[in-house]
Structures are given as C-alpha cells and as structure tokens.
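Below, chain A is the first sequence line, B the second, and so on; all start at residue 1.
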Amino acid sequence: MSSVLPNGSQAAPLMAAPGFWRRALRHRSFVIGGVLTLLLILAGALSYVWTPWSPYEMDIASKLQPPSASHWLGTDVYGRDVVSLLLVGARASILVGVIAVGIGLVVGTALGLLASARRGWVEEGIMRLTDFSLAFPAILSAIMMTAVFGPGIVNAIIAIGIYNIPTFARITRASANAVWAREYVAAARACGKGAFAITMQHVLPNISAVLIVQSTIRFAIAILAEAALSYLGLGTQPPQPSWGRMLAEAQTMMWQAPLLAVFPGVAIGLAVLGLNLLGDGLRDLLDPRLARER
Amino acid sequence: MSLFLFKRILTLVATLIATSVIVFLVLEILPGNAAQMLMGADASPDAVAALATKLGLDQPAWTRYWHWVAGLLTGDLGNSYAYGSPVSELVLERLSLTIPLAVMAMGLTTVLALIVGVTAAARHNKLGDVGLMGLAQVGVAIPNFWFAILLILLFSVKLQWFSAGGFDGWGEGVGAGIKALLLPALSLAVVQAAILARITRSAVLEVMREDFVRTARAKGVSQRAVLWGHVLRNAMIPVVTVMGLQFSELLAGTIVVENVFSLPGLGKLIFQSISNRDLIVVRNCVMLLAAMVVIVNFIVDVLYAAIDPRLKASDL
Amino acid sequence: MSSAQPHVPLLEVQDLVRHYTLPRESLFAPAPKVQALNGVSFSLEAGRSLGIVGESGSGKSTIARLVMALDRPTSGSVRLMGRDLHRLPRDQLQAARRDIQMVFQDPYGSLDPRQTVERIVAEPLAALSQSTRAQQRERAAESLAAVGLRSSDLHKYPHEFSGGQRQRIAIARALITRPSLIVADEPVSALDVSVQAQVLNLMQDLQQQFGISYLLISHDLAVVNHLCDDVCVLHRGLVVERGAPGDLFAHAEHPYTQALLAAVPRAEPPSVRKML
Amino acid sequence: QSDKSSMVLGMTLEPPGLDPTANAAAAIGEVVLYNVLETLTKIHADGKVTPLLAESWEVSPDLKTYTFKLRRGVKFQNGEPFNAQAVKFSFDRAGGEKSTNKDKRTYAKLSTQVADDYTVVLINKEIDPNLPFLLGQPTAVIVEPKSVDTNATQPVGTGPYKLQNWVKGSSLVLTAWDGFRNPSSIKLKRVTFRFISDSAAQASALLAGDVDAFPRFTTRAVPQFQNNPRYQVILGGSRAKTIMSINNRKKPLDDVRVRRAIAAAIDRKAVIAGAADGFGVPIGSHYVPDAAGYVDTTGINPFDPEKAKKLLAEAGVKTPLELTMTLPPPPYARQGGEVIAAMLAKVGIVVKLQNVEWAQWLSGTYGGAHNYDLTIVSHVEPFDLDNYTKPDYYWGYDSKAFRDLYDKIMTTANEAERNKLLGDAQRMIATDSVNAFLYQPQFPTVAKKGVKGLWTAMPIFCNDLSSMSW
Amino acid sequence: MPLLEVDDLHVALRTPRGPAEAVRGIGFTLERGETLGIVGESGCGKSITVQSLMGLLPSSAKVSGSIRFDGRELVGLPEREMCKIRGDRIGMIFQEPMTALNPVHTIARQVGEPLRLHRGLSAQAARQEALRLLERVGIPDAASRLDAYPHQFSGGQRQRIGIAMALACGPDLLIADEPTTALDVTIQKQVLDLIRDLVAERGMSLILISHDLGVIAQTVSRMLVMYGGSIVESGATGDVFARRAHPYTQGLFAARPALGAPRGLRLATIPGSVPELVDLPAGCPFAGRCAFTIDACHAVRPPAEMVGVDHAVRCIRLDAVEAAQASTHTGAEVVR
Ligand SMILES: Nc1ncnc2c1ncn2[C@@H]1O[C@H](COP(=O)(O)OP(=O)(O)OP(=O)(O)O)[C@@H](O)[C@H]1O
Ligand SMILES: Nc1ncnc2c1ncn2[C@@H]1O[C@H](COP(=O)(O)OP(=O)(O)OP(=O)(O)O)[C@@H](O)[C@H]1O
Ligand SMILES: [Mg+2]
Ligand SMILES: [Mg+2]
C-alpha cells in the first residue's frame, strides 16, 4: 500500500455545499424519508423522558384492551400500554438496525474494498470466507451465539451484523471492481496514487450509492431479523420491549388480539419505508450529476 | 473448463475442512450435553452417565472430532443422539422438504420479482412504477411469519383450501406435497420477491439505456418484446447474483416459517438439534449447508456463463 | 551532475515486449497468448513529440500503459531520463511520475464524476503529498488558466462541462506537475471536429509555452501530423515505419502505412476531386 | 369428520424416539403408553390405578413385597408371548448397569422374581406406597427381549396399536393391531399424531380442521375456542406444580424471611393470568389439590407487598436487592418470569431476567454449580416431595425435620395417617418458604365437538386412545 | 412523389430544466435512390432528427410538423404501425458497433429477427437468409459463425453485422447514424465502401450522419449542415464544399486538421460552445460564436436563402461572409 496518505478526507463536499439543504428540502422522497426517520428517532428519544404509561408496569386485570382514550392503542397481554411499548421499543429497533448494519457496512465494505484493491489470492480468500460465512445463516449463528453467551440484544445484534458482513463484502467487491476498471482510476494510478488513496478517494465515493441503498434495505432486514430472533426467544430480552419482540409476542395472540400485531408491524413498516426513501433521496442528492442545477 | 472444475472442487474441500473445524469447536463450547438433555431433570444420575458412555460423549474432544471426520470420509454420518436413527436418513428426510420448499419459494420469488420488476421498469417513473415499487417497499417490511399467519387465516381457516401446516412427505403424492408447501413457499417468497423486484427493476432500467435496445427497436421489435426478449436476459446477472444469495438463505433461514407451518425442515432440525445438544446432527447439517452454499455459488457462476456468452466458464 | 555525462534522451523505450496470457481453455493445453507488443523500441528527445499511429489492436494503448508504468512489460525497458521506470522502487517511481503525465482518450470516463475539478486537477500534486491544500488550489487554478478555463470552474463537477472542456481539465491535470512528458492516448478521438481543434491548438500552445514533449497515440494521421515531430507506425506490435510525418506521409514505404494513408477520407467531394 | 374410525391428535413436541425406557421425553409416553407399549398397571384420569397387564396384585403388610398375577393369552406384536419372564427382563433391564431408564434408581431397588409363568413377585428394598402408580408410568413398560434395541424406531408392545408410519418432524400414524387381545374394544382404527410446536400454528391447525383434538393445548389460544360451538374445551388438573425455585444456599436467600418476603410479593392470581392465561389453581406448597392428603396452604404466605417489604427490612436486606432469574424456554417460565419480575420490583427486588435453553438450564441451574438465584419451572413428577429431602437438590433445602417427617410418611402403611403426615409436610415446606409456590397448571384439551373419551385430568401425560371415539 | 418529405419538423424534449427544442423546424426531401448527408457539431440534433424519422424518440419527446414517408404521415402514427415500418421499410445503422448488438443473442438470431418479424419467416428460413446477408456484407466464413456472439467479432465485423441487420428486409431508406466514428480509418473505409455499394446495388435512399467531412464528401450526393437544431446550409455536396456559404460551415471546415498541412499551423477554431437547447436564442443559433454577428442576427431566425441551384443557406450576413472569404482565402485551409 502506498505510503501516501490521502490529503484530507473526502469530507462529503456535497453536504457542505451551500445549496445542499435547499435542494434536499425540495427532494420529495428525501423529505418524506427524513420526516419518517426523524419521527423514529424522536420516538426513541421521547421514550427516555416521557411515555404515556410505564412500559414495564403490568396491569393484568386490564389486559388486551382495545384502543381507548386512556390507552390510545390498547393494552397488551400483560395490560401494558401499547403506545408506551412502541415508544420504548423504537430504541431497541434503532439500535439493532444501526449497529447491525454498521458492523456489516464497516467490516464488509472494508473486506470488499481490500479484495478489489488487492485482487489475486487476497480476493479469492476473502470471497471464499464470505461463502463460508453465508453457510451460517443469521439465525444459526444467533442460535450458536446465544447458546454460548446467552440470549440478549447485544448478541442478537452481533449475530445479525456478522451475517451482514459477507453481503456487504460481495456487493462492495463487485461494484469496486467495476470502479477499478474505470479510466479515472487508471488516471489516478498514473498520478502515482497508492491503492489505499485510490480506494478512499475514488472507489468509495463512487460505490456509495450502492452502499446507501443496500444499507437501507439491510436496515429493514435487520429489524425483521431481530423480530425473528425474538420470535425464537433469542433477541431482546424481557422486560425490554422491542418492536420485533412485540410482534413475536403478538403473534401468539393473533387469534384474539390481531391489532397487537398490526401496531408494531406498521411501526416497522414505516421505519423501513422512511429509511428506504431517505436512502434513495440521499443517493440522488450525493450524486453530483443529479445535484447541480445550472 | 476442467481447470475451473478443479478449482471449484478444491474450494469446496477447503471450505468444508474449515467449516468442520470451526463448527466442531464452536459446538464444543456449548454448555450441557445430549445425555443430560435426553434424560431430563428427574433422571437418575447413573442413567445419565450410562447414556453418555453409550453415546461416546465421555471421550476426549479430538477423538470425537476424528471419529466424525473419519465417518464423513467413509460416508457414515453416525447416529443422531436424540432420534437414535442414522443422521444421513434424518437429513435426507428433511432435505426432501427443504429443497423442494426452497426451490418453490425461489420459483415464486423469481416469477413475482421479474413480473413486478420488469413491469415497473417499463413504466419508469409513471404511476404503475411508483405503485409497484411502493408495494415492494411494503413487501420488504412485512415480517414473513406475520404474512404466513395471514395466509393461513385466509386460505386455511376461512376458505379451507389448504391445510394450515404439516407435511407428510412425498409418499402422499406429488400433488399433495406441492399443495402442502404452497402457502409456506408463498410466505417466504413475498419478502424475497420484493427485494428481488427492486433489483430487477434497476437492472432492467440500466440495460434499457444500452444501445442495443435501440437497435432492436429500430428493427421493428415492439416495446414489450424488446423488454422480455432483449433486455431481461441482459439484466439477469445482478438478478441471478441476488437469487443465489437468497437461495442460500432459504436453505436454512426458514426456521420461522417452518415453525408457523409446522414443517419438518432442515432449519427446524438444526434448531431442535442445537437445543437438544444433538451435536452430531448439527455438525453434519452445517457441513451440508456449507457444501450447498458452495454448490449454489457454482450454479450461479454456471448461470452467469449461460446468460452471458461473454463469460466463458474458463473466465470464472 | 557533471556535464560530461553522455546524452540521455527524455524517454527511451527498448525492446518492449508485452504478452497477455489469456485464461486457459483446458487444464492441459498451454494458455493462449496475445502478443500485444513484440519488441518495440524508440526514443524521444526532450522538447520533441512522437506520434504513434496504427490500427485498432496494434498495441498503441499497451505502449502507453507501459510507459506510464501502469502495467509491467514481459521484457524490455522504459527509461525516463535514464531511469528505468520498471525497476524503480515505489517511492522513487512516485517521484518520477512528476515528470510524466497522461491524458486519456475518453473525456467522460477519465474524470471521477464525484470529485470537483479542483480535486481532479490537483490529484497529481496530492499524490506527491508535498504541498498544502492551499498551494494545491493555487496551482490547480494556474493550471486551469493555462488550458483556458476559469478558476470559478474549480468547484464544479465534470458533468457540468462539455467534452472539449473535460479534455481540457484532463490536460490541466497532466500539466499541474509541469511534466516533461505527457502521454496522450487518443486524446481527441472522442471529440467532434470543432472541439478537437480547440484541444489540438491547446496542446500545441502548451508545447511551445512549457516545452512539453508528447507521446501522442492516435489512429488519426492528421492529428499526429498536426502535433508531432516524429511518427511511428505500429502494426501488430511492431514499429513498421518511422520518420517525420511530412516525409512519411509523402513517401510511405511499408504497405501498411500506405494502406493507412489510402484509407483516410478526403474532405473533398467527387466533383472537386475531378476538377483537380 | 365423516370417517369415524380415524382421528388426528395434536401434540406440541415430537418424541425423539419411541422407547420410553431409553429416553425421558414426555412426548414418548404421550404416543406409546397404553397404545403400543403397556404396563402392569394403568393410571386413569382421576389418578386411580387399575390392572392392565397384571390382572391383580397383592401387597405385603410391610409394603415391601408385591405379588402380581399376570393376564394370560397376551402376545407381543412380534408374536412372542407375554409372561413373567418378560416382566422380569423388563424390570431387571431398567434397573441394570447399562440402563438408561430415567427411573433407573426406582428399578434398581426392585428385585423381580418369577413365581410361575404368570406370577411375578417384586421385592422393594425401600417402602414406596406409590409403587402401583409408578408401575403404570411410561418407564415401566414391559418390553419384548428381542425387540429392545429397535424399540426407539419400531416399538414392539402388547398394546392395541402399532406404529404405521412416522414422518419425522411432522406426524406419526398408529393403526389398530389386529392381533390385540380385545380388538372389538378399539374404535379408532387409525390415529395420527401431528406435531405442532408453534402456538399460533396449533390454533390454526384446529381452526382449519387439520387436527381433531389437541390435548395440552397452548393456553394462550384457548379463549377463542371456549365460546365456539364447534369445539369443546376440557380443563383438567394435573400433578404438575409450577414454582419459582429459590436457591436456598445463596445469601440472602438462605434467610427464610427473605424467601417469605419474595413469596409475599407474589400475587399468584396475577401470575396465573400472566403466565398461564388463567389456567391454573393457586398452590401454597409443593403439592396439588388432586393428590391424596392435599391441604390448602395458600394462606401461609399470602400476597402482601407491605409485609414483604417489612420482612426484607427485618432481614436486614438493603433494597434494591438485585437477583437474577434464570428462565428455561417454556412460555409459562418466560411469561411468568416477566410478571413476577414486575411484582418483585414493587417491593424493592430488582430481577434481571436471563433466558436460557434447557441444556443450559440443566447443566448450569439444575445441575452443576446450581448457579442461579431464582428460576421458574414446572415439576410434573406426580410424587416428588422427596426432592425436599435432598440437600444437594438444586434448591438446596436442608432440613432434618423434614427428612424425618418424610421417612415417617414412607413407612406409614395406613393411608389416612399417611395423608395427615403429608399435610404436615406441605405445611412445613410452605412455612419454610423453600420456594415460591405458584400454581397447579390446568391443561386444556381442545377438541372438535364430537370427540369422546378425552381425559379430563392429567395425572400423567398420556393419550389413552383405547378410550377415545367419535 | 419523393420517398421522404420532412416539413417543419420540431422536436421538444422534456428535461429537468424545462423543455428543450432539439430540432427546430427542419425540412428536406429525399428522392428514391438519393443519398443525403447530415453534418454538424455534437449535440446539434442530428441523431434526434433521424430518430424522429424512426419513431424512436424517448417518450418524453414531442414531435410536431410532418414526416411523410412514401406518402404516409409518420408523425402521430400509432406505435404498432410504426413497428411495422421500422426495420422493414426503414433500416438503421448505429454508431457504436461495440454496443449496438445484443451481447447475449447469436448473430444469426439478431440478423434474422427483422425477417421473422416482418416477413414471417420461420426460424430456419430466417437463419438461411441471415447467412446470405452476412455473406453479402463480407463476414468471412459466415456459415460457421452464425451461432457466434457479437463479442467474438472485431469492431468492423460487428458494424457489418449491424448493416446486415438493417438491410435484412431490403428497406427503401437506410439511415446510418455515425456508422464509422468508432472505427479506425482502414475499417472505416471498408464499411463506407460497403454501404456505398449496397445503396447503389439496391437503389435505396441513404441518410448518413457524420461530423467527418471526409466521410460525407465520399459518400453522399446531397448534404445538410445542422447547427442548434436547424439546418443552416443545404445543397449538393459539391456545391456546399465549394461554396461553404454559412460561417458555421466554414468553421467546421477550418477546424479539421488536414493531413500534410505544415506542422505548427494553428487550427481555426469556433469560439464558444453550442448553446443550451433549453434557452436557445430567438435569433440565429450561431449568433455570438460567429465573427460576422450583428444585432440583427440576435433578433430573428434567418430565413433560408437560395445561393445556387438547390443550395440554401440560413444567414443574413451572406454578403459580408463572402467578402471576407474572398480576401482571406489562403492555401492553409485548402484541402489537398
Ligand atoms: N488485459 C489484456 N488482456 C489480454 N489481452 C489484452 C489486454 N489488453 C490488451 N490486450 C490485447 O492486446 C492487443 C493490443 O491492445 P491495445 O489496447 O494496446 O491496442 P490499441 O492499439 O490501443 O487499440 P485501439 O486503437 O483499439 O485502442 C489487442 O489485441 C488487445 O486485444
Ligand atoms: N433523451 C434526451 N433528453 C433530453 N435531451 C436530449 C435527449 N437526447 C438528446 N438530447 C439533447 O438533444 C440535443 C441533440 O442531441 P442529438 O443526439 O441529436 O445530437 P447529435 O447531433 O446526434 O450529436 P452527436 O454528434 O454527439 O451524436 C443534445 O443537446 C442532447 O443533449
Ligand atoms: Mg487503445
Ligand atoms: Mg448522435
């Protein structure tokens, strides 16, 4: 790798560009996505200071109530307030999504970039490693991790994160290889740039669109994976609520209280929708070709 | 071609060796053992000890590893601790469900995704596109067990067209087997199809910008025929890549849906076997999965070459 | 350095051979080879320019890549001011690259769409990492001015420019280190005539102004004729003929050169030709 | 159901094999007991024990010697005759060196003597008044010597049904055996067991008509069937005791006041509602209402959070007291844990819930170092007060008074007297607040309207097919 | 009746920055067997013009005016009808031989496709016909390469395949949109020779787009010079080359480096760049880049003025241009 370090970082020059926010506010899917995502974050933040009821307080006498003035979305099987659970559950879901995708994104992208920068046996090795880890589906590694370290949100997050690594590695490598074949990379090499600098300054920015879109999709999958793990008792542990766990719990009540499954389902759906829209918007906005109007 | 095959086989072997070591080590860490699990809490301790001896659990780890690997090489996978029957039999039984299920789910996924993806791309940025992609967006966000229950509610409980779960093997006839797997396959397919549809759409859009599409249109080929006859096959490379990933995922990642439909699938077997500490089954299943993933990758690569004549098998 | 040192040409290419190995078709058959270059030698004096013409696939771009040390030759050497580029250690090669820059054929593909013009133009400086951001910006502005662009263009992105302007940006990037040699691989073949003229004029001006040498690769004889002191005709990886363009085009000896010349369409309608 | 000769039963767990003498899973008994494999005695829903392969038995006054007269003309399904040798073989094998019988210890104490072909004498080293009951359990099935190695996959018994087909993971089919001694009493010719572990799936299978009857149905989904005219719901007691075990060895749990405080903090009604969806009967000790000698001890440690706080203060415990509760997988434990944690929080005990697998629970909580504070588990063994006599048992209750009392119970032949002593034992455990005794689970059976002969109570887990019909 | 009559053709494209008038009132006629060249700077609307003839414009395009092909109005013709004309009556050759062929279909299939579509030939018959066509365009050993894929051919060969495809149904009109720009000179010569021969042989009409004046000179009998979406000069090739009446035409000629010209000579360039289509000036599109610009140039679009037989020019400063041309006409620009 070259001894030359990149001179200053890419520092998202577009974000800093004066018109960025003005343009962003005119981008429909960015705005809708942004609002939904902001709501998600706000819900999580709000739960730290206020919830209509305590999300841990059980009142078994008033279980499974339909939505009413006192319990806006009704109560669950332990008589807890669904709104409060949803608010607090947002935290766990954000955490799972962000960290699990973060792990996959950072490690997977790094591996993918390394593979395409080094080629040869490094690439071969990394790709075989991803093959190998794909043989362990998320649920399987989660089961194993749980069996060894005990269940819990942290292990669930790590298991999902690990599963994201090969996916990101493959996608990154494929798109990075395409970028490496471009003439502007040859130009950079002709300038004497090292593989590291080229990777950071040319390859990464040019595959960012792919990564952004993939991240938002993976975010959704991570939240749902947490739900599936909770369904198997491997995810978030009680009494900590998470949307996935609420969904999993409501699933056993599908026949008596179908609404209980609808609320967290809708919450997940909205969060995922928001992130996808935000991702699409961000991809457009960060693309200089689409960004500037003359 | 043969070099390519040779490389592939080498890869397979290396992957399997690595898998065997890691799987064995990881499983060694698991607390508890099969004898204890099988005998339960109220069992007499000496009965538990007798069972442990019978199962060979009291031997040192490396001996057990060696027995296992030696067994693998001679094609003897050993007997399940819990069921007492040969692992190979057990696994084959499960595969006779899991593979058809995965194939059906993948087939449904592909058909749904291609129709939705291509249609959306053809109506790029029009109402149809926005609508279909919105639907795909929703599809991605639906938890599949939730969708599975809705399917059961509609088709099994209300309409009583299908049974609500269970699978009695192919002995009852192919039609009955397919019928039993249809709802599970559908509930697996919806989420995957939503993802694949998005990828299909963008791949098709990309290809639609290429010059040869214009050439085809200049020959008088209609818009539709261009889309299905010329564009789609060119757009298949990224689609097939994702399909390969999804198929690998389906092979073992269907535990939840198997649960909802109470299907005896491979995922459930692994899950059960881990909780029963039937480690001999787990080990062999994971090996099988690893082998299958490598094989699926291989199939994907062969498909690449079949789709795109520019990629000869020798270049892979 | 003592003045007694023997004369060293700016660029000296000796017996350059590059064979590409294609993937094996079978396990036992030997891997097929493409002999892209079969022993090409030429040298280029400082301040002069050399054109390389030849049909598609004759190995022109391969020469460019080898001269730029973007690829390793099968055998032979590339000496830049006496230093064999392919034997230099990494850091010295990096330093040597200051003296040699490249302009690519495709003005659309050779500029990173996600970087501002400033970063693109300053890239060679940044790679040498001996200057601050401010210095780089200043040099980039100078360089842009030299190719007739404004410093307000620094903050734009490539897509905001026309093909001719983009090629100017690419040239500005090549100029920024004040190289002694610019390797230009078909710098104008993607441009239409009026823009092509702008770029060729610019290259000519810069040659006069900075004394830059060009290694100009093209399949357009007229372009080479316009800019170069010497021409090599490349055919199947070998130099089949060389000389000053005027002489060469007037008295081509090698049949391939003749064919090449005969194929050039003349911008005169049949009627005019008949008149002559 | 048009076909009156067949029935589909739902089961939550699939048996891992079909040999109850080699494997402890309750699901094995649910399939084979009394159907394929038979025992000398038969336990009925009401807990009564009647002859089955034995025609009658006599007990010596010292309660140590049992003489069984065996039924004649009984054949095993492989054609071998059933006789005293088979009985001796079965019991010797169960108690033998290599035995992997769960109740190995019980059989090791028995010595079996063949008096004649149809008379067996059992001599028990220790007194156990419940022996006839024990001999009706799955582990006591009489096996045919030649078939013992294949019973797990091809059980050979004397019962009315044979294994027809087993699709592992999905379903198992028993068909009536035409060689059965009394074939006309068997109404169902073909019975399918369908294994459905997921609770929502259980409900949908019933609703979709895939399953005709589902014993021990998931409690969560019961309410919707209770007011559905197409279905019948049978609520039966059991011998199971769902308790929150307390690690008596650990500080400060070794202090009886702390244990009492914990007990007083728990509202059993709410626990039953939360953990068992209301299907349970509160118990105050390790004993169930259906069992002989039961006394109501729920008043000994009543729900009283104020008293709980006081007790904690008395014991000098600083609140919040932090404890972990280790929870095995069943829903009653996971849900009950959540509910109890919320209750304990109110008296200043902060409980960290830790979900574990059974294997972990067995090796870490139940066995090994007994590394836990609290755990929830359902003890399904019918007679298991003796666990309180074992100081090394997982809850670590060490009381000489109780051991003496228990010895006396075991040696008392007179039933009324024994019952009185059993009452004392229950009170002693409750007073010592060894564990927090929660409830006796009720096992709901949901079935289509026409299904007859389902057990109402469940002293043991079994599906007695011979009594069932449409 | 002429084969093709284009009258006052306008094409407006929807762009993010508003509608762009890529073609602004073009009109020309083409007789059967006639060859017509279109030259002009990149982006001046050449491709859009011919694409509108083929009905291949993006759906965002709005076409107005009239295109009469063989007496039939093509503007507003339903897509189904247009499909019948495309590839059958009008064939088209594209610029990029590397990308104009579908990489995943065999060449036999691609060349035979129009035949199957328009002539209803069976797959087998289409294959036979494709073989004949490929032999005709000079693919060596065509019979054995029918099932080869495009990437197995060289650029020149691919362009020949493209030509075979365009000719498959024997169209009345062949449109070639920069068919040789991507090829090197020797191959370019082969391809152009081939097109010329085929046109002569079959009596087709030809529209050839190029910005290479040499190519135009050698291939077509009449030519149009386009700039900014309109035709600035049109006439017989010889006349236009001889006269170069429009300043833009002059600029194009001057910018071309000529083989054999003395070294070091600066090429004449046209200052500035092509105007944005979105805000094209009201007047002459070349105004501003033209040395002869006066205020009137900006005011109104110049009308077509006949400067010879069938030689029209849109410029109001023709006199000044001609005067200047006479005085500065030096040898430097003369093509040999
Ligand atoms: N990486 C490679 N692997 C295999 N063969 C190659 C590779 N690069 C170039 N070649 C082959 O080497 C020969 C010379 O290629 P080169 O790119 O130098 O030609 P060129 O003269 O630049 O042609 P063009 O005018 O088309 O750009 C060609 O036959 C080409 O196919
Ligand atoms: N789909 C489109 N949407 C919007 N603008 C377009 C579209 N296609 C072409 N244009 C614009 O229309 C104008 C004319 O384009 P056209 O392709 O006809 O140019 P051309 O003369 O063929 O140029 P070239 O020589 O580069 O092929 C150009 O400015 C171009 O940017
Ligand atoms: Mg080249
Ligand atoms: Mg064009």
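Residues of residues 109-122 of chain E that come within less than 4.5 angstrom of chain B, heavy atom to heavy atom, are E/Arg109, E/Gln110, E/Glu113, E/Pro114, E/Leu117, E/His118 in numerical order.
E/Glu73 and E/Ser66 are linked by a side-chain donor-acceptor pair at a separation below 3.5 angstrom, with hydrogens and angles left out of the test.
For the atom pair NZ of E/Lys62 and CG of E/Leu13, the computed distance is 10.5 Å after rounding to the nearest 0.5 Å.
A salt bridge is defined here as a Lys NZ or Arg NE, NH1 or NH2 lying under 4.0 Å from an Asp or Glu carboxylate O, and E/Lys84 with E/Glu81 meets this definition.
Taking E/Arg80, E/Arg86, E/Gln95 one by one and counting their heavy-atom pairs under 4.5 Å with chain B, the maximum is reached by E/Arg86.
In this structure, E/Arg32 places its CZ atom where more than 12 heavy-atom neighbours from other residues, nucleotides or ligands lie under 6.0 Å away.
Contact of the B/Trp170 side chain with the B/Leu97 side chain is not registered, since no non-hydrogen atoms from C-beta on lie closer than 4.5 Å.
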Show which side-chain atoms of residues 171-178 of chain E pair as donor or acceptor with protein atoms under 3.5 Å away, not counting sequence neighbours.
unit_1	atom_1	unit_2	atom_2	d
E/Asp172	OD2	E/Arg89	NE	2.6
E/Asp172	OD2	E/Arg89	NH2	2.4
E/Asp177	OD2	E/Ser47	OG	2.9
E/Glu178	OE1	E/Thr181	OG1	3.1

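No part of E/Ile85 comes within reach of chain B, as not one of its non-hydrogen atoms sits under 4.5 angstrom from that chain. Both the backbone and the side chain of B/Val221 come within contact range of chain E, each with at least one heavy atom under 4.5 Å from a heavy atom of that chain.
When the options E/Ile48, E/Leu57, E/Val23 are evaluated for a side chain to side chain contact (heavy atoms under 4.5 Å, CB included) with E/Val63, the one that passes is E/Leu57.
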